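By convention in this document, chain letters (A, B, ...) are assigned in the order of the sequence lines, proteins followed by strands, and residues within each chain are numbered from 1. All of these numbers come straight from a predicted model, not from anything done at the bench.
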Number of protein chains: 2
Amino acid sequence: MSRDLDIRVCIIEDDETIREGYVYLIGNTPGYKIAGSHASFEDAAKRIAAEDPDVVLLDVELPGISGIDALPKIKKLVPEAYILILTVYEQDMLIFRALGNGASGYLTKNTPPEKIISAIQEVMEGGGPMSAHIARMVITSFQRNEASPLTRRETEILEQIATGKSRKRIAQELFIDLETVKSHIKNIYHKLNVHSKADAIKTAKDNKFI
Amino acid sequence: MSRDLDIRVCIIEDDETIREGYVYLIGNTPGYKIAGSHASFEDAAKRIAAEDPDVVLLDVELPGISGIDALPKIKKLVPEAYILILTVYEQDMLIFRALGNGASGYLTKNTPPEKIISAIQEVMEGGGPMSAHIARMVITSFQRNEASPLTRRETEILEQIATGKSRKRIAQELFIDLETVKSHIKNIYHKLNVHSKADAIKTAKDNKFI
DNA sequence: CGATACTCCCCCCAATCAGGTTATTTTTAA
DNA sequence: TTAAAAATAACCTGATTGGGGGGAGTATCG
């Protein structure tokens, strides 16, 4: 089999046992090869460009600079590589920061070996591999709160306000009077118990009303 | 095996061949049973509450009311059920509207039968099953444009503006002078070629600068 | 019928926003 | 180590917006 067609994988993981486990797994799977293996981003930074990986497996809890903060830097060093996050944590904040920073997938460390291999293949084929709970959290992040106290119109107007539009412009675009928009806004503020745009937007977003 | 522990699945799909295929598949898989099978939302609406499904397989392109618009109504009729979208289309707009309307998973119709069964199981166990390309699109939606013309500070300030905060408040929270905030905003407007908050936010969001 | 939603009107005034120009200091990259 | 880029701050002007108070008419729907 032509070694040149193997998928080149780079591992950045500080725990030696886990790291060697991945090295063994990937090194012994036909079609895959280890392009590099590092215990920290600082180590990886020096050589990762030369290693030219197709996929980077990145631990989030690294010594020194964290995996999440390392993400954009790795992207700059190897822009064509896909980065898969490996972590024991399942916190929303970390997930969304990782995805926002350029991760192409997010796996928890209890993922069985064969799933890790299939995740690497999946990301190479245009997929976005995620562990089940992660995927659920990602999907949930899109969902609205059905118990919103706001009416349809109020929600619509608050969404417009959240885009930075002035009341006058909102009135024009919704074909209603400026005074009507003001009325709705007063009602929104009362319902959400706030006294400003910013607070209304924050409360509404926190509660997924918009 | 106790029928009472079977996962109850309801199918809403107008194409009879496909629908019967799913009925056959699920009806003949141990642990699963057909709770209902309908060719349109209008049909389903009458009986779905009584059928008490655990999972609803929903086609997006239905005659009459579309699957996406039917979603919130189904949620009201069977609030505890998980809804999985089935579609031949892979358009961003449809995906995000479906997820926003309460879908718990999104599968393309070329999904092999065994994957459909595992998706049903996955959603019951707290996962968020998605076809590979869908997952990629969802992940991509979180990602920033690395070619943003805005500096880090400008991006930060524009994000704050997008939350509805006033310039004065932004200045206070970032521990800088109001005049500095104004300077940054002027630079942002020049770079984005806009003349208002709303236009800056729109341009920045369209281009994934924020 | 009464509740809810949507619409519109009047008042007031402080605060904010947009634009122009210049200039210093700090940070980053070549 | 030097030049460029980014972040900071100042002064000016004028128009627009935002928040709060009150009241009131018209649908729609169960």
Side-chain angles (χ1 to χ4, degrees), chain A residues 45-46 49 65 69 72-73 75-77 79 144 146-204 209-210, chain B residues 45 72-73 76-77 144 146-204 209-210:
Chain A
K46 301 169 197 157
I65 185 170
D69 295 325
K73 300 176 194 289
K75 279 247 123 182
K76 280 201 179 164
L77 292 168
R144 290 280 178 85
E146 300 174 64
S148 171
L150 303 181
T151 68
R152 198 172 294 180
R153 199 56 151 176
E154 286 163 356
T155 303
E156 187 177 14
I157 285 175
L158 190 50
E159 278 168 351
Q160 296 293 309
I161 290 176
T163 69
K165 287 177 188 158
S166 72
R167 300 163 174 204
K168 188 201 278 185
R169 187 164 162 192
I170 294 170
Q172 286 165 351
E173 292 182 6
L174 296 185
F175 305 106
I176 56 179
D177 196 274
L178 171 60
E179 286 300 329
T180 307
V181 175
K182 288 175 67 178
S183 279
H184 284 304
I185 291 174
K186 283 178 222 176
N187 291 333
I188 293 168
Y189 286 10
H190 283 140
K191 285 182 179 179
L192 302 187
N193 224 278
V194 296
H195 307 277
S196 73
K197 249 197 313 193
D199 292 343
I201 292 170
K202 182 175 189 329
T203 300
F209 298 155
I210 62 170
Chain B
K73 300 176 194 289
K76 281 201 178 163
L77 292 168
R144 291 281 177 83
E146 300 174 64
S148 170
L150 303 181
T151 68
R152 198 171 295 179
R153 198 56 151 177
E154 285 163 357
T155 303
E156 187 177 13
I157 286 175
L158 190 50
E159 278 169 350
Q160 295 294 309
I161 290 176
T163 69
K165 287 177 188 158
S166 73
R167 299 163 175 204
K168 187 200 280 185
R169 187 165 162 191
I170 294 171
Q172 287 165 351
E173 294 182 4
L174 296 185
F175 304 106
I176 55 179
D177 197 275
L178 171 60
E179 286 299 329
T180 307
V181 175
K182 288 172 67 176
S183 280
H184 284 305
I185 292 174
K186 281 174 229 180
N187 292 333
I188 292 169
Y189 286 9
H190 284 140
K191 286 182 178 178
L192 301 187
N193 225 277
V194 297
H195 305 276
S196 73
K197 257 197 305 195
D199 291 344
I201 292 170
K202 182 175 189 330
T203 300
F209 298 154
I210 62 169

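- For Arg167(B) and dT16(C), the shortest distance from a side-chain N or O to OP1 or OP2 is not below 4.0 Å.
- Distance CD/Gln172(B) to CZ/Arg169(B): 9.0 Å, rounded to 0.5 Å.
- Here Arg167(A) pairs with nothing under the salt bridge (charged side-chain N to carboxylate O under 4.0 Å, His left out) rule; sequence neighbours left out.
- Across the protein-nucleic acid pair, Gln172(B) atom CD and dA15(C) atom P stand 12 Å apart, rounded to whole Å.
- Of the residues in residues 192-199 of chain A, His195(A), Ser196(A), Lys197(A) come within less than 4.0 Å of DNA chain D through at least one heavy atom, sorted by number.
- Annotation: side-chain hydrogen bond (donor to acceptor under 3.5 Å, both in side chains) contacts of Ser196(B) (sequence neighbours excluded): Asp199(B).
- Reading DNA chain D from its 5' end, the first and the last nucleotide to sit under 4.0 Å from a heavy atom of chain B are dA6(D) to dC12(D).
- Residue pairs meeting the salt bridge (Lys or Arg N to Asp or Glu O under 4.0 Å) criterion with at least one partner in residues 187-198 of chain B, sequence neighbours excluded, are Glu154(B)-Lys191(B).
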Quick test: give all pairs of protein nitrogen or oxygen and nucleotides 6-9 of chain C nitrogen or oxygen below 3.5 Å, distance rounded to 0.1 Å.
unit_1 : atom_1 : unit_2    : atom_2 : d
dC6(C) : OP1    : Arg153(A) : N      : 3.4
dC6(C) : OP2    : Thr151(A) : OG1    : 2.3
dT7(C) : OP1    : Arg153(A) : NH2    : 2.9
dT7(C) : OP2    : Arg153(A) : NE     : 2.8
dT7(C) : OP2    : His184(A) : NE2    : 3.1
dC8(C) : OP2    : Asp177(A) : N      : 2.7
dC8(C) : OP2    : Thr180(A) : OG1    : 2.9
dC8(C) : O5'    : Thr180(A) : OG1    : 3.3
dC8(C) : N4     : Ser183(A) : OG     : 2.3
dC9(C) : OP2    : Asp177(A) : OD1    : 3.3
dC9(C) : OP2    : Asp177(A) : OD2    : 2.7

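- Considering only side-chain N and O atoms, Lys168(B) lies under 4.0 angstrom from the phosphate OP1 or OP2 of dT16(C).
- Rounded to whole Å, the distance from CG on Leu150(A) to C1' on dT4(C) is 14 Å.
- Not counting sequence neighbours, Lys75(A) has no partner by the salt bridge (charged side-chain N to carboxylate O under 4.0 Å, His left out) test.
- When the side-chain hydrogen bond (donor to acceptor under 3.5 Å, both in side chains) test is applied to Glu156(B), the partners found at least two apart in sequence or on another chain are Arg153(B).
- Scanning for side-chain contact (heavy atoms from CB on, under 4.5 Å) contacts around Leu192(B) gives Pro149(B), Leu150(B), Leu158(B), Ile188(B), Val194(B), Ala200(B), Thr203(B), Ala204(B), Phe209(B), with sequence neighbours left out.
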N/O donor-acceptor pairs under 3.5 Å from side chains in residues 174-187 of chain B, not counting sequence neighbours:
unit_1    : atom_1 : unit_2    : atom_2 : d
Asp177(B) : OD1    : Glu179(B) : N      : 2.8
Ser183(B) : OG     : Glu179(B) : O      : 3.3
Asn187(B) : ND2    : Ser183(B) : O      : 3.3

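- Across the interface with DNA chain D, nearest-nucleotide mapping of His190(A) and Ser166(A) shows Ser166(A) to be the residue nearer the 5′ end.
- The line from CD1 of Ile201(B) to CD1 of Ile161(B) is 7.0 Å long, rounded to the nearest 0.5 Å.
- Taken over five-pair windows at either terminus, the axes of the helix from dC1(C)-dG30(D) to dA30(C)-dT1(D) are inclined to one another by 80° (rounded to 10 degrees).
- A straight line from CD of Glu156(A) to P of dA5(C) spans 15 Å, rounded to a whole angstrom.
- Judged as a salt bridge (charged side-chain N to carboxylate O under 4.0 Å, His left out), and not counting sequence neighbours, the contacts of Arg144(A) are Glu159(A).
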